[in-house]
Amino acid sequence: AGSILTGMSAGLVPLASPECGFDPEDVLPLKDCSVQGLGRTLNEFAEQSPAWREERSMRAMQTAAARYSQQAYTEALRGALSALVR
């Protein structure tokens with residue numbers, strides 16, 4: 001997961017299997033992790049418009065910062081601990 005987040009932080013659109021645990025909205029899901037399945041997913045990505053790929057790149061950077069950053073983790077942990085203390 002760390003390498004996926006590093007790539008997302010740089011604007012790379014992640015391809016990941018559902019087993020990685022990412023929200024399907026945050027990655028391009030690999031339905032089939034075989035070489036052929038990877039090829040199909042990469043071809044689907046390449047067939048998208050440049051504007052679509054740019055939007056997904058921006059979304060990857062924003063998602064990495066908003067949902068998976070150290071600050072987001074700290075805030076989620078603080079919220080969970082506060083709920084326990086109440």
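Residues take their numbers from the sequence shown, with the count starting at 1.
- Looking only at atom types and distance, the side chain of S17 has a donor-acceptor partner in the side chain of E19 under 3.5 Å away.
- Connection of L77 to L84 is established within a shared hydrophobic cluster, with ILVMFWY side chains joined at heavy-atom distances below 4.5 Å, either directly or through further cluster members.
- Around atom CE of M61, more than 12 heavy atoms belonging to other residues, nucleotides or ligands sit under 6.0 Å away.
- Hydrophobic clustering of Ile, Leu, Val, Met, Phe, Trp and Tyr side chains at less than 4.5 Å, counting indirect connections, keeps L42 apart from V27.
- The pair R59-D26 fails the salt-bridge criterion, with no side-chain N (NZ, NE, NH1 or NH2) lying under 4.0 Å from an Asp/Glu carboxylate O.
- Residues F45 and F22 are members of separate hydrophobic clusters, defined by side-chain heavy-atom contacts under 4.5 angstrom among Ile, Leu, Val, Met, Phe, Trp and Tyr.
- Put simply, the side chain of R67 never gets that close to the backbone of A72: no donor and acceptor are under 3.5 Å apart.
- Looking at residues two or more places apart in sequence or on another chain, you find no ring pair (Phe, Tyr, Trp, His ring centres under 6.0 Å) involving Y73.
- Residues L28 and L30 share a single hydrophobic cluster, defined by chaining ILVMFWY side chains whose heavy atoms lie under 4.5 Å apart.
- More than 12 heavy atoms of other residues, nucleotides or ligands shown are found within 6.0 angstrom of CD on E55.
- Put simply, the side chain of T74 gets close to the backbone of Q70: a donor and an acceptor are under 3.5 Å apart.
- L12 and M8 end up in different hydrophobic clusters when Ile, Leu, Val, Met, Phe, Trp and Tyr side chains are linked at under 4.5 Å.
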I4 vs C20, side chain to side chain contact (heavy atoms under 4.5 Å, CB included): CA-CA, chis, key distance, verdict: CA-CA 10 Å; I4 292 174; C20 288; 4.3 Å; yes

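- The OG1 atom of T63 lies 8.5 Å from the CZ atom of R56; values are rounded to the nearest 0.5 Å.
- No donor-acceptor contact under 3.5 angstrom links the side chains of E44 and Q48, judged on distance only.
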